[in-house]
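Predicted, not measured: the structure shown is a model, and the values here were computed from it. Keep in mind that the numbers below use all heavy atoms, side chains included, and drop hydrogens, waters and symmetry copies. Numbers here are sequence positions counted from 1.
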Amino acid sequence: MGALLFRANDGVIGEELYRSTPPFTEATLVEGVNTASGIGGYPQNLANIGGTPLFTAGDGTFGEEVWKSASPFTDATRVTDLNPSGSIS
């Protein structure tokens, strides 16, 4: 059984992506997308494509974009700037 990825709010940095591995007794932040805002990156639309988790999140600079994480799911990188205007729609 692999890692479980999910969105959670720790009450400080806001909604971010976390991971837990067996035996699922604790959770670890996957590098926060927008930790400075207090509301977080609000990751959503999580999908597993060929073993790579992809999700949308807002980093406070580029608006809502597609992000990915690679095993062991300790960091996240923006895939590309799909909306250079930075506006969230």
Side-chain angles (χ1 to χ4, degrees):
M1 188 181 295
L4 172 68
L5 299 173
F6 58 95
R7 182 180 71 210
N9 188 332
D10 70 352
V12 177
I13 63 173
E15 301 272 345
E16 290 290 351
L17 190 65
Y18 285 81
R19 71 178 170 93
S20 185
T21 55
F24 306 111
T25 56
E26 59 183 59
T28 305
L29 175 68
V30 174
E31 181 180 311
V33 171
N34 189 3
T35 58
S37 71
I39 60 170
Y42 202 76
Q44 43 192 347
N45 305 308
L46 187 62
N48 180 341
I49 307 297
T52 300
L54 296 167
F55 59 97
T56 58
D59 68 355
T61 301
F62 293 96
E64 189 171 343
E65 298 285 358
V66 177
W67 292 74
K68 68 179 179 177
S69 184
S71 185
F73 313 118
T74 56
D75 63 353
T77 55
R78 187 170 42 94
V79 173
T80 188
D81 188 3
L82 295 173
N83 186 358
S85 70
S87 62
I88 299 174
S89 44

Check: Y18 and A8: which non-hydrogen atoms are nearest, and at how many Å?
Finding: CE1-O, 3.5 Å

Notebook entry, point to check: In terms of hydrophobic clusters joined by side-chain contacts under 4.5 Å, are V33 and L29 together?
Noted result: no

Check: For the hydrophobic clusters of this structure (ILVMFWY residues joined by side-chain heavy atoms under 4.5 Å, transitively), does one cluster hold both V30 and F24?
Finding: no

Checklist line | Single-linkage hydrophobic cluster, 4.5 Å side-chain cutoff, L17 and F73 together | finding: yes

Could you go through residues 38-58 and list every donor-acceptor pair under 3.5 Å that involves a side-chain atom there, pairing it with any protein atom two or more places apart or in another chain?
{"from": "N45", "atom 1": "ND2", "to": "T56", "atom 2": "OG1", "distance (Å)": "2.9"}
{"from": "N48", "atom 1": "OD1", "to": "G51", "atom 2": "N", "distance (Å)": "2.8"}
{"from": "T56", "atom 1": "OG1", "to": "Q44", "atom 2": "O", "distance (Å)": "3.2"}
{"from": "T56", "atom 1": "OG1", "to": "E64", "atom 2": "OE2", "distance (Å)": "3.2"}

Next item on the list: Would you give the length of the straight line joining atom CD of E15 to atom CG of N9, rounded to the nearest 0.5 angstrom?
Entry: 4.5 Å

Next item on the list: Apply side-chain contact (heavy atoms from CB on, under 4.5 Å) to T80 and E65, showing your working.
Entry: CA-CA 7 Å; T80 188; E65 298 285 358; 5.6 Å; no

Next item on the list: For E16 and N34, indicate whether the former's side chain and the latter's backbone hold a donor-acceptor pair under 3.5 Å.
Entry: yes

